[in-house]
Amino acid sequence: MYSDVINDNIKYLSLLAKDFPDIQKASAEIISLEAYLKLPKSTEMYMSDIHGEHEAFLHILNNASGVIREKIDVALEGITTPEENAVLATLIYYPVQKIEEIRQTQENMQQWYKTTIYRLLDVCRHVASKNRRHWVRNAIPEGYEYIIDELLHAHFEDHNKEFYYNQFVTSIVDNNMADQFIVAISKVIKRLAVHKLHIVGDIFDRGARPDIILDRLIEHHSVDIQWGNHDVLWMCGATGNPLGVASVVRICAAYNNLEVLETGYGINLRPLAIFAEKTYDDCPVFMPRGVNPEDEDAKLVAKIHKAISVIMYKLQCQVISRNPCFFMEDRCHLLHIDYNEGTVEIKGEKHPLMDSVFPTIDPADPAKLTDEEQQLVNKLSRNFIECEKLQKHIKFLYAKGSAYKVENGMLMFHGAIPLNDDGTFREIFFGGKGYKGKALMDYCDKMARVAYFGVDGTYEKQLGQDLLWYLWCGKNSPMFGRSNMATFEHALLENPLLSIERKDPYYIHWEEEDIAERILAEFGLYGPMCRIINGHVPVKSKNGESPLKANGKIVVIDGGFCHAYHSRTGIAGYTMVYSSRGLSLRVHEPFESVEKVIKENSDIKNKVDVFETMKNRMLIGDTDQGKSVRNMISDLKLLIQAYQLGIIKEDKN
């Protein structure tokens, strides 16, 4: 019987034999893997709706959402004071800057170095204790592998070894290597404190520098991303899709954040600025948020905002016209304007426009771009396609991202699973075929990839690009989760509430535990520890709203990370931490500055709310990773049987 199973898998086992060429090596790996299953589960951290707030994001990444300070307090309990722990925490977050600050006041740097290195080693041993030794080695920066590995596995009860390791530390300090060593071991601590990072959507827009966030995520040792509607819009723009490009530029102008395009990505906006300055007079209606309306630069941005908005409205009509399955005809506002009266018809009623000067619109064909507008769109689209940094970031979003993810009992998606009013899955039709629940999410994921990687010039790639834009703002988009995006109304109507952005019924039913369990079951998840992790909708904590829905089955981790939402939510974001001991939400206050942290050792203040504690500590064997390890153990046992039966020959060389 065993020989039949082996023969059915002979190709795979032959490949496995290259890594484990004899029984002894295969057996040793089985022993190692079985021991690994008994280690505590690694810590995971969940974040969402970062929206370009790079400084706050980088700080939370550095402090691991408070996990590092917790590790310091445990590792150095009874040895140090809270004030000393605060200094050590800052040192781990920003080692180069903190060392320089300490050097200004510390009289005996030699002694400080030695004391600090020993404390850092204690903290590092603690965070390394639930990792395999080879994983710890992989976390050590190049050039420090031997030194840090030796020091981490010291046993100070042996007097001779204590002398030996004291010599190590003394040598590091005496040879002026202390600064570099502290930087290296701080990196190890930060890497081991959180094993995996989950970003539940919306890296882009509003905040200053999403490009800096993506640069850092690319360096991260283990990250996945569930696309938010702002992310898919930038993905659409990166394909060169004209509407995607125009929509991205419009948002940047609306938030007075053209810097991310010009400085972050090197996109040339000068032709657009020249066109806007020449075509439009002052545009107070299109003044970006949070600026002095009398500022000349702000006035130019307002003109850019209007110019690109008009282009976007035109392109929007074109895309909606060629995709009747989107059912978004009500968003073709240019077709319902009376250009003589300066009014627009919405839902059968006429409303005055606050700005009705549209010199580039032909009332006989409102959706048609002028020749100059078309040239501008072509240049911008080409700039987006040819921007090496942007393309690198978008390829990373595709490589590490998806419409949703299931891992360790958690179903992660950004927006909503579209539901009917009665709580059943809503069926959405594309190309004459209906999709709902998991099938809808899979279709969106597939077409998002076709949009970028499909064959140029094909209908399917064009549909994929249009669908990316639809996912940004479409009425049944699982990443948007609203009936419409009232961009036109907010810009041009005195009362934008005339077009209410009705939320998907998902947000009405998300307090119902049976609905949450039905959604989880749709994705193959059952049991008390399974949960939905959501972003997208800011939780108004200051009004008493809870991020826990459906009796804790749904966790909403959008707490207003973006500065623009702080006044609405009363906080500056949530993160969730999933450790071997349970689940906890961290409620963050606004981040002030790196300089303040370094000078005052003032970490982001956060409140930790533990909402699920494990009766027994969760082990690697209880996770999805544990399933993979057990499969590997089974394969290795099969390989050993193949060796024993002589079906595969051992290589003793």
Side-chain angles (χ1 to χ4, degrees), residues 1-44 125 127-140 142 145-146 148-150 152-153 188 191-198 220-224 399-400 402 405-410 523-527 529-530 578-581 614 616-653:
M1 185 181 82
Y2 287 128
S3 60
D4 291 340
V5 176
I6 291 167
N7 287 326
D8 288 342
N9 295 276
I10 192 67
K11 288 185 178 180
Y12 167 67
L13 293 175
S14 297
L15 290 172
L16 191 62
K18 292 182 179 180
D19 292 325
F20 306 99
D22 57 41
I23 291 175
Q24 183 178 350
K25 288 185 173 61
S27 298
E29 182 66 9
I30 289 172
I31 293 168
S32 176
L33 291 174
E34 287 180 337
Y36 177 55
L37 291 173
K38 302 301 181 184
L39 285 174
K41 172 195 172 297
S42 301
T43 299
E44 300 171 81
R125 281 192 199 93
V127 297
S129 62
K130 60 179 184 179
N131 291 274
R132 298 177 75 188
R133 189 164 179 175
H134 86 87
W135 174 256
V136 176
R137 287 198 200 101
N138 289 338
I140 299 173
E142 185 177 354
E145 297 92 339
Y146 171 71
I148 292 179
D149 186 59
E150 279 285 292
L152 286 183
H153 296 91
V188 178
R191 178 164 175 174
L192 296 179
V194 171
H195 176 72
K196 192 157 193 177
L197 176 64
H198 306 281
H220 198 276
H221 56 277
S222 183
V223 63
D224 57 66
K400 298 293 184 179
S402 55
K405 186 175 181 64
V406 175
E407 185 168 341
N408 292 335
M410 303 294 164
F523 291 82
L525 295 176
Y526 305 88
M529 283 301 295
C530 295
Y578 187 9
S579 71
S580 61
R581 299 188 184 278
M614 305 293 181
N616 298 305
R617 197 171 188 186
M618 195 171 184
L619 306 178
I620 293 291
D622 302 318
T623 67
D624 291 350
Q625 188 180 7
K627 296 175 186 175
S628 299
V629 170
R630 281 192 289 273
N631 288 337
M632 183 62 174
I633 291 171
S634 297
D635 293 341
L636 287 167
K637 288 181 177 179
L638 200 61
L639 177 61
I640 290 172
Q641 290 166 357
Y643 285 142
Q644 292 170 336
L645 293 171
I647 298 173
I648 297 177
K649 303 296 182 183
E650 292 184 80
D651 184 356
K652 295 289 188 178
N653 296 326

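Numbers for residues simply follow the sequence, beginning at 1. Everything numeric in this text was worked out from a predicted model, so none of it was measured.
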To the nearest 0.5 Å, how far apart are CZ in Arg191 and CG in Asn138? 6.5 Å
Nearest 0.5 angstrom please: Asn616 CG to Ser580 OG, how far? 11.5 Å
Looking only at non-hydrogen atoms, find the nearest pair between Ser579 and Thr43 and report the distance. CB-OG1, 3.9 Å
Please collect all side chain to side chain donor-acceptor pair (under 3.5 Å) contacts where either partner lies in residues 12-29, sequence neighbours excluded, each pair once. Tyr12-Asp635
Taking side chain as C-beta onward, heavy atoms only, is Lys196 less than 4.5 Å from Asp224? yes
Minimal non-hydrogen separation, Ala128 against Leu192, with atom names: CB-CD1, 3.8 Å
In short, Tyr643 meets Phe20 closest at the heavy-atom pair OH-O, 2.6 Å
Rounded distance (nearest 0.5 Å) linking atom CG of Leu639 with atom CG of Leu15: 11.0 Å
Do Ile648 and Ile10 come within less than 4.5 Å of each other through their side chains, counting heavy atoms only? yes
How long is the span from the CG atom in Leu37 to the CZ atom in Arg630, to the nearest 0.5 Å? 6.0 Å
With a 3.5 Å distance limit and no angle check, can you tell me whether Glu650 reaches the backbone of Ile23 through a side-chain donor-acceptor pair? yes
For a 4.5 angstrom cut-off between non-hydrogen side-chain atoms, does Met529 reach Met618? no
Side chain to side chain contact (heavy atoms under 4.5 Å, CB included) evaluation trace for Leu16 with Leu636: CA-CA 8 Å; Leu16 191 62; Leu636 287 167; 4.1 Å; yes
Nearest non-hydrogen partners of Leu525 and Gly409, listed with the distance: CD1-O, 3.7 Å
Is a donor on one side and an acceptor on the other found under 3.5 Å between the side chain of Arg137 and the backbone of Glu145? no
Heavy-atom closest pair (Ala26 atom, Ile640 atom, distance to 0.1 Å) is CB-CG1, 3.8 Å
I'd like to know whether Glu407 forms a side chain to side chain contact (heavy atoms under 4.5 Å, CB included) with His198, so could you lay out the CA-CA distance, the side-chain angles of the two residues, the decisive distance to 0.1 Å, and finally the verdict. CA-CA 10 Å; Glu407 185 168 341; His198 306 281; 3.8 Å; yes
Approximate separation, where rounding is to 0.5 Å, of Ile647 CD1 and Asn9 CG: 11.0 Å
Between CD of Glu44 and NE2 of His195, what distance do you get to the nearest 0.5 Å? 7.5 Å
With Ile633 as reference, evaluate Ile31, Leu638, Ile30 under the side-chain contact (heavy atoms from CB on, under 4.5 Å) test and give the passing residue. Ile30
Decide whether a cation-pi geometry holds between Lys41 and Tyr578; the criteria are a distance under 6.0 Å from NZ or CZ to the six-membered ring centre and an angle within 45° of the ring axis. yes
Taking Arg581 for the side chain and Arg617 for the main chain, is one N or O donor matched with an acceptor at less than 3.5 Å? no
What is the ring orientation for His221 with Trp135, classed by angle as parallel under 30°, tilted 30 to 60°, or perpendicular over 60°? perpendicular
